[in-house]
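Counting starts at 1 for both ligands and their atoms, following the listed order.
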Amino acid sequence: MTMQFIDLAAQQSRLRAELDSAIARVLDHGRYILGPEVAELERALGEFSGAADVVTCSSGTDALVLALMALGVGPGDGVVVPSFTFAATAEAVALLGAVPIFVDVDEQSYCLDVDHVRAALADTRPGARPVGVIAVDLFGQPADYPALRSVADEFGCWVVADAAQSFGATLGGVAVGRLATITTTSFFPAKPLGCYGDGGAVFVTEASDAPLLRSLRVHGSGSDKYDNARIGINGRLDTLQAAILLVKLEVFAAEILERQRIAGVYSAQLAGVVVVPHVEDDRTSAWAQYTVRHRDRDRLADGLREVGVPTAIYYPRPLHLQTAYRDYPRGPEGLSRSERLAAEVLSLPMHPYLTGEDQDRVIDAVRHVVLLDDG
Ligand SMILES: *Cc1c(COP(=O)(O)O)cnc(C)c1O
């Protein structure tokens with residue numbers, strides 16, 4: 001049996017009967033667009049996270065676009081984003097004609113460095129005026145929202161949480177979805193809570209922010225579908241995907257605990273062999289990825305591939321070095337950590353159905369490759 005990097009089939013076989021009947025129910029009622037499962041999922045996600053309201057949508061990228069549209073982001077606005085993230089974080093900003101301002105991440109958490117954010121917000125060089133910050137909960141650990149909130153407040157800026165990787169995590173006992181006034185997530189199949197296609201959601205802590213998001217999600221609809229109050233997008237979540245997510249949400253809390261247990265085993269066995277992830281004391285991670293660092297990363301990846309252990313690199317190139325983003329401004333503190341991380345990170349197989357046997361194989365292989373190189 002070849003080992004999977006993320007094993008979606010194991011979860012599916014556990015849930016197959018429930019998934020089949022949930023899908024059949026949608027085929028029976030035929031309400032494919034904004035059917036009853038969509039509202040039911042929004043309620044269930046609100047209950048899970050404690051958010052005041054949840055607006056589901058077509059992807060994690062569209063969740064960011066909807067959040068920024070609701071905040072009125074447009075030309076002339078600057079938005080601070082990390083460079084060490086998936087492109088969608090900066091793309092949503094640029095799509096709206098605003099300017100992403102790239103800032104470095106913290107050495108330990110790989111989330112935005114709060115001091116570097118302050119320096120970028122205080123930066124008076126000509127360019128776009130910062131109006132807000134999008135923090136990314138990289139690999140599943142929430143960014144330092146209390147600190148980001150107070151720095152953003154100093155400059156009259158908002159904070160949006162890009163929680164595409166962290167749904168299911170907590171900070172200070174508070175669930176993702178309630179850590180920023182607007183939080184976005186993704187239900188892309190490989191995310192901790194994934195559907196069978198594209199999907200996403202926007203969480204708000206003020207219920208009064210939800211109607212605007214719901215309008216933007218359906219072409220800026222007003223009193224009905226053919227009354228257009230504003231410019232919006234077609235950003236709905238399919239009823240079928242909502243039905244699938246309702247089934248998966250039933251086991252999600254238990255799956256997160258399994259991810260945390262598996263991460264604990266990796267860290268106990270690999271500390272000192274490679275640089276293992278650091279989760280701050282006040283936080284839990286949803287472990288979208290278990291990412292280690294090693295100075296000879298490519299040799300480690302090759303060695304693991306040779307013995308059938310799949311790995312992935314998130315991310316091989318920071319955004320400020322990508323063709324589409326290299327001309328955007330950078331914060332005054334530079335981006336050296338993002339560049340070094342891109343050269344050193346390696347993500348190991350991580351999913352709630354990873355067997356002890358497979359995990360031992362991964363651990364033995366990492367030790368073997370690293371210790372062989374050192375000795
Ligand atoms: C996956 C991801 C997104 C985009 O989500 P999609 O559903 O694929 O559009 C945005 N931000 C981050 C940090 C992600 O990991």
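Of all atoms in ligand 1, listed by their number and element, those nearer than 4.0 Å to a heavy atom of T85 are 13 (C). Near V136, meaning under 4.0 Å from one of its heavy atoms, ligand 1 places the atoms 13 (C). Taking every non-hydrogen atom of S59 and a distance limit under 4.0 Å, the qualifying atoms of ligand 1 come out as 7 (O), 9 (O). Distances below 4.0 Å separate heavy atoms of A88 from the following atoms of ligand 1: 4 (C), 10 (C). Proximity to S186 (heavy-atom distance under 4.0 Å) selects the following atoms of ligand 1: 5 (O), 6 (P), 7 (O).
Between D302 and R299 no salt bridge is recorded (no basic side-chain N to carboxylate O distance below 4.0 Å). Using a 4.0 Å cut-off between a side-chain N of Lys or Arg and a carboxylate O of Asp or Glu, E40 and R25 do not qualify as a salt bridge. Taking 4.0 Å as the cut-off between side-chain N and carboxylate O, D364 and R361 do not count as a salt-bridged pair.
Counting heavy atoms under 4.0 Å from ligand 1, residue A164 touches it through the side chain alone. In L138, neither the side chain nor the backbone holds a heavy atom less than 4.0 Å from any atom of ligand 1.
With R178 as the partner, the side chain to side chain contact (heavy atoms under 4.5 Å, CB included) test is satisfied by one option alone out of V204, T205, L171: T205. Each of H351, Q260, Q11 was scored for a side chain to side chain donor-acceptor pair (under 3.5 Å) with E255, with one residue passing: Q11.
Here the heavy atom of the protein found nearest to atom 14 (C) of ligand 1 is K191 NZ, 3.0 Å. Annotation: atom 4 (C) of ligand 1 to nearest protein heavy atom, T61 OG1, 3.6 Å. In terms of protein heavy atoms, atom 13 (C) of ligand 1 is closest to D162 OD2, 3.5 Å.
The aromatic rings of F139 and Y315 lie parallel to each other, their planes meeting at an angle below 30°, with 60° marking the opposite boundary. Relative ring orientation between Y328 and F102 is described as perpendicular, the plane-to-plane angle rising above 60° on a 0-90° scale split at 30° and 60°.
The N/O atoms of D198, backbone and side chain alike, include none that comes under 3.5 Å of an N/O atom in ligand 1. The shortest N or O to N or O distance between F86 and ligand 1 is not below 3.5 Å.
Open room surrounds CD on E206; 12 or fewer heavy atoms of other groups in view lie less than 6.0 Å from it.
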